[in-house]
Colleague: 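Right, I'll just put the structure down here and ask away after.
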Amino acid sequence: MTLMFKKILIANRGEIACRVAATARRMAIQTVAVYSDADAEAKHVGFCDESVHIGGSAPKDSYLRWEKIIEAAKATGAEAIHPGYGFLSENEDFARACTEAGLVFIGPPASAIKAMGLKAESKRLMEKAGVPLVPGYHGADQNPVMLKHEADRIGYPVLIKASAGGGGKGMRAVEKSGDFAAALASCKREAINSFGNDTVLVEKYAQRPRHIEIQVFGDMHGNYVYLFERDCSVQRRHQKVLEEAPAPGLSPEMRQQMGLAAVAAARAVNYVGAGTVEFIVEQRADGSMNFFFMEMNTRLQVEHPVTEAITGLDLVEWQLRVASGQPLPLAQEQLKINGHAIEARICAENPDNNFLPTTGTLQVYDKPVCTAFERGMVRIDDGVRQGDTISPFYDSMVAKLIVHGQTREEALARLDEALAQTRIVGLATNVQFLRYVVRSPSFAQADLDTALIPREEAVLFKQEPVGLPMAAASAIAQTLLSEKAAEGRDPFSRRDGWQTHGVTQRPFEFEFRGEPAKAALTYGHDGALQLTVGDVSGLLVFARGAQGIDIQFAGQRLTAAVYTQGEVDHVFTARGATQITAIDLLAHAGESHAEGGRLTAPMPGKILSFSVKAGDKVSKGQPLAVMEAMKMEHTIAAPADGVVEELMYAPGDQVTEGSELLKIAV
């Protein structure tokens, strides 16, 4: 029998490094972590048996320096390297260097990575293997005039895709011919920054498409299986938000057709290990569906836990066994689907601000209780702890929340409940947005396609689940409970409005969703509290309970967990979460919040380009600058008509959050 590894190095960070280490520990395999300056105190460093520092905070100075990683593996006696996903996981040079150094690369051979790494080349291979393709241009001629000519020939809308891309980067949808040149330039710029290769391909953008992918596995003995499919249609910025398995509405016949096509794709490149073949599924007016090969990701996917949930298998264990030379643990006929699983990606971002990534400290990080399958599975995969910082150097994902149920409806209910129990304070996240998606008509009814988010815009963005009256009541109840905890025993130090006769009224002022709000609390001689918020009045009754503060006000009742950070109260309820800011009139007297014509960086990052110069007239909404942060490009637009007075930075400069980028006279 082939011997299993005794020690492996994990060439990654965060959640996936912890995930791989957990399986390795269960299999009695020692692990070595690598870390950058920014990750010196990161969770994955302490989670592994050993750790090695490999460089600076930026990926190019650490996690992309494969020579340092190989040195660390050899110095610690590791026999193999697991690349996780992202970074070096699909780098053929790294895979080849591992082999040349006498180390096992826990992934496919370099030849398979090369064959599938360039989208245009992989399309030609798939065509030979009989795998259906989307109409498009995959040629070597990268002249912008030629590419535009091909896009015009294919017919709009088209999708420009970086040939070496992945993870939603280097992709632009173009609706009309006049927008093609600008989209191509942006796509190529992002591709060269992310992958060092600006070659692109152009494809027809399918209408009402679903994104369905097949998990495949191959071993060194010529065996192949597919572990069914995942629907990843719910996306923003071409990046996945929710993934589920199996794909709703997919017939057994189509599941088998797609599975066999995926295996054919893997066989065409002599694939070994875990891989994912991604398909675009076109939904026709008559209800039928057709699928086309999109790309193959030659690594483990972020969403692999939903496949684990419906099959009961550990895919990292399969990777380790296959890489050590063992055959696949199961044959195709032994694989079965059990129930339904959904994964939600919890990210540090602001959905109401075009999903702009955010940075900051996880001042509060409360997670739902994880449960085993027999009680309905809830699983959290993360690489952070309370008190950790989400930096601008890496991806914005904080955690993955995975649930499993016997039916899709059961899984949906479990996911909504688990999201309600996920409480993060210190930076903006998409947790509340995910709850809106899960409860949206389209997702609830499995009416899926990649345009679900814009289609359901009315119920997904700028919503308020709690409302001003209950938000104010929650904040005031938290204030009164905090004051009671701090008061002394004698009646003169009491802060509850007690007095020998009459009534006392206490004013409160708040800011709620950008608007000022006033409240008044009247203390009755009998101890009753009468609260008025705007034009809503009623008795306020509250008590601290096991799950938070039990509140009754104006005919409503809820349980709220309230976390106070400075002047801001973060209110979490079963309905959803909100924030309300207490205003100190003395502290804020005379302040002005007007910014005039200033434009500031919304987050830390690097200036890529300015499209204007001093003296230029600009109109509201006109693109002014492009920043790169958290591996994505962000366009800075003019807030109003005006004239550019001064550029404060140059392309290539690093800027901090809030830095003034340019001045505009309006």
Colleague: Could you report the tightest heavy-atom contact between N297 and E90, atom names first, then the distance?
Modeller: CA-OE2, 3.4 Å
Colleague: Do the side chain of H570 and the main chain of R423 share a donor and acceptor less than 3.5 angstrom apart?
Modeller: no
Colleague: Considering only heavy atoms from C-beta outward, does the side chain of V302 approach that of K240 to under 4.5 Å?
Modeller: no
Colleague: Could you walk me through whether I390 and T358 satisfy the side-chain contact (heavy atoms from CB on, under 4.5 Å) test, starting with their C-alpha distance in whole Å, then the side-chain angles of each, then the deciding distance to 0.1 Å, before giving a yes or no?
Modeller: CA-CA 8 Å; I390 304 298; T358 60; over 6 Å; no
Colleague: Write down the atom of A245, the atom of E229, and the distance for their closest heavy-atom approach.
Modeller: CB-O, 3.3 Å
Colleague: Looking at T76 and V52, what are the two nearest heavy atoms and their distance?
Modeller: CG2-CG2, 3.8 Å
Colleague: Taking N353 for its side chain and L356 for its backbone only, find out whether a donor-acceptor pair lies under 3.5 Å.
Modeller: no
Colleague: Does R96 form a salt bridge (charged side-chain N to carboxylate O under 4.0 Å, His left out) with E92? I'd like the steps, not just the answer.
Modeller: CA-CA 6 Å; R96 188 176 296 108; E92 62 173 294; 3.2 Å; yes
Colleague: Salt bridge or not for E343 and R379, using N-O below 4.0 Å?
Modeller: no
Colleague: Between E278 and K161, does at least one N-O distance fall below 4.0 Å, as a salt bridge requires?
Modeller: no
Colleague: Rounded to the nearest 0.5 Å, how far does CG of L9 lie from SG of C98?
Modeller: 9.0 Å
Colleague: Spell out, as yes or no, whether a donor-acceptor pair under 3.5 Å connects the side chain of E79 to the backbone of K6.
Modeller: yes
Colleague: Flag the pair L362 / I424 as yes when at least one side-chain heavy-atom distance between them is below 4.5 Å, and no otherwise.
Modeller: yes
Colleague: Report the residue from T307, T276, I310 that forms a side chain to side chain contact (heavy atoms under 4.5 Å, CB included) with L227.
Modeller: T307
Colleague: Quick one, Y63 with F393, criterion side-chain contact (heavy atoms from CB on, under 4.5 Å). Give me CA distance, side-chain angles, the key distance, then yes/no.
Modeller: CA-CA 11 Å; Y63 297 107; F393 298 108; over 6 Å; no
Colleague: After noting the C-alpha distance and the side-chain angles of L427 and T361, does the key distance pass the side-chain contact (heavy atoms from CB on, under 4.5 Å) rule?
Modeller: CA-CA 7 Å; L427 71 174; T361 300; over 6 Å; no
Colleague: First locate atom CE of M627, then atom OG of S659, and finally report the distance between them rounded to the nearest 0.5 Å.
Modeller: 8.0 Å
Colleague: For Q386, does the CD atom have more than 12 heavy-atom neighbours from other residues, nucleotides or ligands under 6.0 Å away?
Modeller: yes
Colleague: Answer yes when D49 and K7 have at least one side-chain N-carboxylate O distance shorter than 4.0 Å, and no when they do not.
Modeller: no
Colleague: What is the minimum heavy-atom distance between H340 and P248, and which atoms define it?
Modeller: CE1-CG, 4.4 Å
Colleague: Take H53 and Y35, measure what side-chain contact (heavy atoms from CB on, under 4.5 Å) needs, and give me the verdict at the end.
Modeller: CA-CA 5 Å; H53 176 255; Y35 65 93; 3.5 Å; yes
Colleague: Would you give the length of the straight line joining atom OH of Y394 to atom OG of S62, rounded to the nearest 0.5 angstrom?
Modeller: 4.5 Å
Colleague: Could you tell me whether R321 and D219 make a salt bridge, using a distance below 4.0 angstrom between a side-chain N and a carboxylate O?
Modeller: no
Colleague: Check for a donor-acceptor pair, side chain of Q463 on one end and backbone N or O of F461 on the other, with a separation under 3.5 Å.
Modeller: yes
Colleague: Ring centres of Y436 and F443 under 6.0 Å apart?
Modeller: no
Colleague: Looking at A428, is its backbone amide N or carbonyl O close enough to the side chain of N350 to form a donor-acceptor pair, meaning the two atoms are under 3.5 Å apart?
Modeller: no
Colleague: Take atom NZ in K188; do more than 12 heavy atoms of anything else shown fall under 6.0 Å from it?
Modeller: yes
Colleague: Do the charged groups of R237 and E349 touch, with an N to O distance under 4.0 Å?
Modeller: no
Colleague: Is E243 salt-bridged to R230, cutoff N-O under 4.0 Å?
Modeller: no
Colleague: Show the nearest heavy-atom pair for residues A112 and Y271, with the distance to one decimal.
Modeller: CB-CD1, 4.1 Å
Colleague: So, are R172 and E190 salt-bridged, with charged N and O less than 4.0 Å apart?
Modeller: yes
Colleague: Quick check for you: to the nearest 0.5 Å, what is the distance between I81 atom CD1 and N12 atom CG?
Modeller: 12.0 Å
Colleague: Looking only at atom types and distance, does a side-chain atom of R414 sit under 3.5 Å from a main-chain N or O of H404, one as donor and one as acceptor?
Modeller: yes
Colleague: Kindly give the heavy-atom pair with the smallest separation between F228 and L335, and that separation in Å.
Modeller: CZ-O, 3.4 Å
Colleague: In residues 13-25, what donor-acceptor pairs under 3.5 Å come from side-chain atoms, sequence neighbours left out?
Modeller:
{"from": "R13", "atom 1": "NE", "to": "D39", "atom 2": "OD2", "distance (Å)": "2.7"}
{"from": "R13", "atom 1": "NH2", "to": "D39", "atom 2": "OD1", "distance (Å)": "3.1"}
{"from": "E15", "atom 1": "OE1", "to": "Y85", "atom 2": "OH", "distance (Å)": "2.1"}
{"from": "E15", "atom 1": "OE2", "to": "Y85", "atom 2": "OH", "distance (Å)": "3.3"}
{"from": "E15", "atom 1": "OE2", "to": "K400", "atom 2": "NZ", "distance (Å)": "2.9"}
{"from": "R19", "atom 1": "NE", "to": "H304", "atom 2": "NE2", "distance (Å)": "3.2"}
{"from": "R19", "atom 1": "NH1", "to": "T23", "atom 2": "OG1", "distance (Å)": "2.6"}
{"from": "R19", "atom 1": "NH2", "to": "E308", "atom 2": "OE2", "distance (Å)": "2.7"}
{"from": "R19", "atom 1": "NH2", "to": "D314", "atom 2": "OD1", "distance (Å)": "2.9"}
{"from": "T23", "atom 1": "OG1", "to": "D314", "atom 2": "OD1", "distance (Å)": "3.3"}
{"from": "T23", "atom 1": "OG1", "to": "D314", "atom 2": "OD2", "distance (Å)": "2.8"}
{"from": "R25", "atom 1": "NH2", "to": "F47", "atom 2": "O", "distance (Å)": "2.5"}

Colleague: Is the backbone N or O of H211 less than 3.5 Å from a side-chain atom of S233, with the two atoms forming a donor-acceptor pair by type?
Modeller: yes
Colleague: Drop me the distance from L300's CG to Q215's CD, to the nearest 0.5 angstrom.
Modeller: 6.5 Å
Colleague: Listed by chain and number, what are the side chain to side chain contact (heavy atoms under 4.5 Å, CB included) partners of T99, not counting sequence neighbours?
Modeller: none
Colleague: Is it the case that the side chain of N193 and the backbone of R189 share a donor-acceptor pair, with hydrogens and angles ignored and the cut-off at 3.5 Å?
Modeller: yes
Colleague: For the CG atom of L401 and the OG1 atom of T422, what is their distance to the nearest 0.5 Å?
Modeller: 5.5 Å
Colleague: Considering residues, nucleotides and ligands other than E67, do more than 12 of their heavy atoms fall under 6.0 Å from its CD?
Modeller: yes
Colleague: In sequence, state the C-alpha distance, the side-chain angles, and the governing distance for D366 and Y563, and then conclude on side-chain hydrogen bond (donor to acceptor under 3.5 Å, both in side chains).
Modeller: CA-CA 11 Å; D366 287 349; Y563 302 87; 2.5 Å; yes
